[in-house]
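Here is the structure we will look at, set down as structure tokens.
Here is the naming used below: chain letters follow the sequence lines, and residue numbers restart at 1 for every chain.
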Amino acid sequence: MSGIFALVDCNNFYVSCERVFDPKLVGQPVVVLSNNDGCVVSRSNEAKELGIKMGVPEFEIHELLQDRGVHVCSSNYALYGDMSRRVMATLSDFTPDVEIYSIDEAFLNLSGFGRSDLSGYGRRMKATVEQWTGIPVSIGIARTKTLAKLAAHIAKGSEKAEGVLNLIESLYQDRALEHTEVGEVWGVGRNYARLLRERGIQNALQLRDADDFFVKKHMGVSGLKMVRELRGISCYSLESAPPPKKGITVSRSFKTAIETLEQLEEAVANYVSVAAGKLRKERAAAGALTLFLRTNRFKKTGVYANSHTTDLPVPTSDTSELIRYAHEGLRKIYREGFRYKKAGVMMHDLIPENRIQSDLFDRVDRTRSGKLMRTLDDINAAMGPGTLKYAATGVDPNPRWKTVAEKRSPSYTTNWGQLPEVS
DNA sequence: TCTGGGGTCCTAGGACCC
DNA sequence: TCTGGGGTCCTAGGACCC
């Protein structure tokens, strides 16, 4: 008995979240920008029709945005995270077998539902999610994850599908593959798409029927799995419990370059605080820490990029200890006279916190530090992030390194002080 | 002038060992 | 002049994803 997968994909997710709380945006061209209002990361259909591409820098289309009256939002990740939880919770009411694949996508295992009326079931899910959360979704149903992805992609673009496409036992399956450009297939990025087109493989049907030896040679075992999935042979199962993280990174670009060690130290202390909090949420400790910084990656002159990795004597998730190591690393690679545009910190060699083994010469009181971190996390969870923080993270409410979001929507769902007012 | 952030997996090649 | 053959581990880089 082979499985049945559904992929539920939120349409234009960030834009759709903004529209839930500002219905004036419905039917209008809308874009959401990345940190520092840098690049387009989400577009409404109307914005796509204006030719606005994913990932373009805002400054390149500034005039177009103004001339065409495009509504521009800074990104509001607290809002999107909260909306995502609501969508996922709604899906969980339909089946317990949910894999949260990303902030705006989930795979569902529908194997237990027979084959009777999967499309109808999909349409009910779609209607319920929209009714309960306000977020429009597209749903693809198929024998493998890769085919479900492909089906959802077609469902999104087709009027006739009305947002749900079931490819199981579908006479339409070959035509669906034929009408899907090879670059749209899950696992085919820019480089593979170019290579495949050069070899005359233009669409998903041709890729499905490609020679195994050729695929293995140029795209490795993942390529082979992908092709088998297109053939209806499932190679990827549903992962309902997320596997433990292997690394945690926190990094930011600065809107305007910063030059002094002091400012970098402050920025880095903030990134470490966030990363350490994520570590503790994972119930993990880091065995190594990498600090990195760089100048503007789009400039040819005044270039400097470097990183420094510290192997920690004892794995830890203690904020102040990690800040110390990060600052040591920073001082080792900092060079005066450069205009820094980005810095960040990576935690790796993660282990579960209950498997920490302290060494003979460890001078840190780990029981005490663990208690302190729990207290800090509890207070910040109750009173809001940043209520309690380390002096090294700075006191200036608007430091040079802080990300800019000129057009941020209020935190409607997560901040009591910013609930929408009824007038 | 202005260009995001955070992940995973696979592979090739070098170091090292017996 | 001749100069083994595997195996494992690690790392860097490339590909992909959202």
Side-chain angles (χ1 to χ4, degrees), chain A residues 7-14 31-42 53-63 65 72-77 80-81 84 99-107 145-146 149 152-153 182-196 215-226 229 235-236 239 242-257 271 274-275 278-279 282 288 290 292 294-302 307 309 311 339 341-350 401-406:
Chain A
L7 177 75
V8 181
D9 193 347
C10 299
N11 301 343
N12 313 333
F13 183 56
Y14 297 170
V31 298
V32 174
L33 301 178
S34 63
N35 272 341
N36 291 324
D37 298 337
C39 298
V40 171
V41 291
S42 182
K53 298 273 183 269
M54 187 67 172
V56 291
E58 188 274 345
F59 72 84
E60 281 181 11
I61 54 167
H62 192 81
E63 290 194 359
L65 294 173
V72 178
C73 307
S74 302
S75 42
N76 184 343
Y77 293 105
Y80 311 149
S84 175
E99 173 186 340
I100 298 173
Y101 177 68
S102 73
I103 194 167
D104 68 341
E105 281 175 68
F107 285 106
K145 283 181 161 182
T146 304
K149 274 277 226 182
H153 180 254
V182 74
E184 303 290 350
V185 176
W186 190 39
V188 178
R190 248 207 340 266
N191 292 285
Y192 286 158
R194 181 163 34 79
L195 179 136
L196 290 167
V215 172
K216 168 77 169 67
K217 183 172 172 222
H218 290 99
M219 306 168 77
V221 295
S222 351
L224 218 40
K225 281 187 185 171
M226 176 182 65
E229 285 240 320
C235 299
Y236 300 109
E239 315 274 350
K245 278 198 185 353
K246 306 202 161 167
I248 289 171
T249 302
V250 176
S251 74
R252 292 289 179 275
S253 296
F254 313 124
K255 182 81 182 178
T256 50
Y271 306 155
V274 174
K278 289 184 178 182
L279 270 176
E282 273 283 305
T290 298
F292 65 91
R294 64 158 309 129
T295 52
N296 192 330
R297 68 189 172 105
F298 297 100
K299 287 198 169 150
K300 305 271 191 295
T301 56
S307 67
T309 299
D311 288 314
R339 310 188 70 239
K341 275 291 277 186
K342 183 172 185 167
V345 64
M346 300 159 71
M347 309 289 169
H348 23 215
D349 299 357
L350 306 193
W401 50 265
K402 198 178 172 193
T403 56
V404 176
E406 302 281 357

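- Looking at heavy atoms from C-beta onward, A/Ile61 lies in side-chain contact with A/Val40 at the 4.5 angstrom threshold.
- Using a 4.0 Å heavy-atom distance criterion, A/Gly55 is classed as making no nucleic acid contact.
- Heavy atoms only, all atoms of each residue included: A/Ser253 and A/Thr403 are closest at O-CG2, 4.1 Å.
- Here A/Val56 lies out of heavy-atom contact (under 4.0 Å) with every strand.
- Within 4.0 Å of A/Leu33, counting heavy atoms only, lies no atom of the nucleic acid at all.
- Across all strands, A/Asn36 comes closer than 4.0 Å to no nucleic acid atom at all (heavy-atom distances).
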Stepwise side-chain contact (heavy atoms from CB on, under 4.5 Å) check, A/Leu350 with A/Glu282 | CA-CA 10 Å; A/Leu350 306 193; A/Glu282 273 283 305; 5.7 Å; no
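- Between the C1' atoms of C/dC17 and B/dG4, the separation comes to 16 Å (whole Å).
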What's the verdict on side-chain contact (heavy atoms from CB on, under 4.5 Å) for A/Phe13 and A/Ser84, showing C-alpha distance, side-chain angles and the deciding distance?
-> CA-CA 9 Å; A/Phe13 183 56; A/Ser84 175; 4.1 Å; yes
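- Between A/Glu60 and A/Met219, the residue anchored nearer the 5' end of DNA chain B, judged by the nucleotide with its closest heavy atom, is A/Glu60.
- In this entry B/dC18 has C/dG5 as its Watson-Crick or G-U wobble partner, both defining distances falling under 3.5 Å.
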What's the verdict on side-chain contact (heavy atoms from CB on, under 4.5 Å) for A/Lys149 and A/Phe107, showing C-alpha distance, side-chain angles and the deciding distance?
-> CA-CA 9 Å; A/Lys149 274 277 226 182; A/Phe107 285 106; 4.1 Å; yes
Hey, mind stepping through A/Met226 and A/Tyr192 against side-chain contact (heavy atoms from CB on, under 4.5 Å) and telling me if it holds?
-> CA-CA 12 Å; A/Met226 176 182 65; A/Tyr192 286 158; 5.9 Å; no
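- Taking for each of A/Lys246 and A/Thr256 the nucleotide of DNA chain B with the nearest heavy atom, the 5'-most of the two is the partner of A/Thr256.
- The span of DNA chain B lying next to chain A, judged by atoms under 4.0 Å from heavy atoms, is bounded 5' to 3' by B/dC2 to B/dT11.
- Across all strands shown, A/Val274 has no heavy atoms under 4.0 Å from either base or sugar-phosphate atoms.
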